[in-house]
Protein chains: 2
Amino acid sequence: MERPDMDPVSQSSEDDITNTPDAGHLGKMIREARLKKGWTLEEAGKAAGIGRSTLSKIENNQTRPSFDIVRRLTKALELKTPQLFVQSGPSDISGRRDVTLAGQGEPQDTPTYFHELLCTELTSKRMFPYISTIKARDVSEFESWIRHRGEEFMLVISGELTFFTEHYKPLPMREGDSVYYDSGMGHGCVSTGKEDAKVLWVSLE
Amino acid sequence: MERPDMDPVSQSSEDDITNTPDAGHLGKMIREARLKKGWTLEEAGKAAGIGRSTLSKIENNQTRPSFDIVRRLTKALELKTPQLFVQSGPSDISGRRDVTLAGQGEPQDTPTYFHELLCTELTSKRMFPYISTIKARDVSEFESWIRHRGEEFMLVISGELTFFTEHYKPLPMREGDSVYYDSGMGHGCVSTGKEDAKVLWVSLE
DNA sequence: AACTTGTGTTTCTTATAGGAAACTTTTCGC
DNA sequence: GCGAAAAGTTTCCTATAAGAAACACAAGTT
């Protein structure tokens, strides 16, 4: 079976300016992201505030762009930034998986929630999933905002609850509803149904 | 009340080369990370493979370092990369939230899964949550590995299934079980129960 | 085929990043 | 306090990033 993208000629013929391993990756990813948006060099350059010639050189790894330029591109192209730094080293979760059976998570108790931390064996993972049972059943029990840098996703597994976010109106939620939010904003929830409300949270950063 | 850090003199006296707002952030974060390690400019520079003068200028925002240099520093100083891109501008999810009611996600159909993408309005978010109904009910229907750079978390919402991962043994899973894995490894699943299996996936990168 | 239009690439030039070394400041010792 | 050593800053120079414009190469159009 042929593997055309492993063609040694085209491999060696590209005069890649990057000396560090994996660095040549950058251009490829940026080009992919641009094409995914269906943009031309001109359009993408304009969106990011850089010239199309510069962008061309970046995509072809003919230059070492400044961090500033790269950041503007990530913003315009909505690139996921961490993968730009990936350096195929042994430090991330490469080739690993971690299973947690139902109810077997690592318990963590607070006055307002009962958390069950999931997949805690994989310490170098970047997302933090946990299932929480909400104890608060009344707005008066709701002490203060939770607030921590990063982003968060929440899915209601069972029960009914009201989700509070700073600057927003209270949000009644039921099984299957989900919300994604800046966890730097104050947030928290109280159970409003008869049974316990259970939610899955996935936190990043 | 005095606000010493708003002193107009010291404000205007720092000749911050960065024109884009928040860009001056970078130097501060790098300096913090270096001091946290208790390193001198010399030591940190050596660890990252750059000169101490260069590092000094970066920390004082007297230069726009290349992406390559920044990446070397993040590695040496074990910096969390996404926060380097934070641009307290209107484009990330700062101060925002996005709700998806049960069943109201953005549908996406494939031969093996029916995906429902969640919270798609928040385009600049970094995690990608979606609920999938698994169509494959038989190993023979299982075509090929899914494989994409990044990390992934999966929680079984309902039904029974077998989760396959390259290099690992097949994993029977039931409601409430979860798994976190390197999604660069081939992976996929088939439903093994009577009803449809439903899972939540959260993908990063 | 020649003309047009739109997209990506390659000069060419200028501004500047990055490193070596000179210089300044701080932190010790006594 | 004064010197010595160490840490940080600034200067200087060279290599090069970034943009403008010229160039190349398509895909339509007549």
Side-chain angles (χ1 to χ4, degrees), chain A residues 9-10 12-20 23-77 79 84-85, chain B residues 9-20 22-77 79 84-85:
Chain A
V9 177
S10 59
S12 56
S13 66
E14 25 178 285
D15 50 346
D16 209 303
I17 201 172
T18 53
N19 49 4
T20 46
H25 209 55
L26 184 69
K28 198 177 143 204
M29 297 187 62
I30 288 176
R31 170 150 290 181
E32 269 171 22
R34 176 174 64 84
L35 295 177
K36 205 168 167 186
K37 286 221 167 234
W39 282 353
T40 65
L41 288 172
E42 185 77 37
E43 290 167 323
K46 206 165 186 179
I50 66 173
R52 75 167 183 282
S53 57
T54 304
L55 185 48
S56 168
K57 280 180 274 189
I58 292 171
E59 291 188 351
N60 293 302
N61 297 311
Q62 285 169 7
T63 187
R64 286 190 189 81
S66 74
F67 179 73
D68 190 53
I69 293 282
V70 173
R71 181 171 50 182
R72 283 192 248 169
L73 281 168
T74 60
K75 192 171 181 179
L77 299 172
L79 264 171
L84 297 179
F85 291 87
Chain B
V9 177
S10 60
Q11 273 281 336
S12 55
S13 67
E14 31 177 282
D15 50 347
D16 207 302
I17 202 172
T18 52
N19 49 5
T20 46
D22 303 308
H25 205 55
L26 184 69
K28 197 177 143 204
M29 297 186 64
I30 289 176
R31 170 149 291 182
E32 269 171 22
R34 175 174 65 85
L35 294 177
K36 204 168 166 186
K37 287 222 167 234
W39 282 352
T40 66
L41 288 171
E42 184 78 38
E43 289 168 324
K46 204 164 187 180
I50 66 175
R52 76 166 181 283
S53 58
T54 304
L55 185 48
S56 168
K57 280 180 274 189
I58 291 171
E59 291 188 353
N60 292 301
N61 298 310
Q62 285 168 7
T63 188
R64 287 192 189 80
S66 73
F67 179 74
D68 192 51
I69 293 282
V70 173
R71 182 171 50 182
R72 283 192 249 169
L73 280 168
T74 60
K75 192 170 182 180
L77 299 172
L79 267 169
L84 296 179
F85 289 87

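Each chain gets a letter, A, B and so on, in the order the sequences are listed, and its residues count up from 1.
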Atom-to-atom span, [atom1] of [X] to [atom2] of [N] - whole angstrom:
{"X": "B:Glu42", "N": "C:dA20", "atom1": "CD", "atom2": "C1'", "value": "12 Å"}
{"X": "B:Ile58", "N": "D:dG8", "atom1": "CD1", "atom2": "P", "value": "14 Å"}
{"X": "B:Gln62", "N": "D:dC12", "atom1": "CD", "atom2": "C1'", "value": "15 Å"}
{"X": "A:Arg52", "N": "D:dA20", "atom1": "CZ", "atom2": "P", "value": "10 Å"}
{"X": "A:Arg64", "N": "D:dA18", "atom1": "CZ", "atom2": "P", "value": "11 Å"}
{"X": "A:Leu55", "N": "C:dT7", "atom1": "CG", "atom2": "C1'", "value": "12 Å"}
{"X": "A:Lys57", "N": "C:dT10", "atom1": "NZ", "atom2": "P", "value": "10 Å"}

Between [X] and [N], is there a contact of a side-chain N or O with OP1 or OP2 at under 4.0 Å?
{"X": "A:Arg34", "N": "C:dT7", "result": "no"}
{"X": "B:Arg31", "N": "D:dA7", "result": "no"}
{"X": "B:Asn60", "N": "D:dG8", "result": "no"}
{"X": "B:Arg72", "N": "C:dG18", "result": "no"}

If I compare all heavy atoms of A:Leu26 with all of A:Pro65, which pair ends up nearest, and what's the gap?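 Nearest heavy atoms, A:Leu26 then A:Pro65: CD2-CG, 3.8 Å.
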Shortest non-hydrogen contact from A:Ser66 toward B:Arg64: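 For A:Ser66 and B:Arg64, the tightest heavy-atom pair comes out as CB-O, 4.0 Å.
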Taking any heavy-atom pair under 4.0 Å as a contact, classify [X]: base, sugar-phosphate, or nothing.
{"X": "B:Thr40", "result": "sugar-phosphate"}
{"X": "A:Thr54", "result": "base"}
{"X": "B:Ser53", "result": "base"}

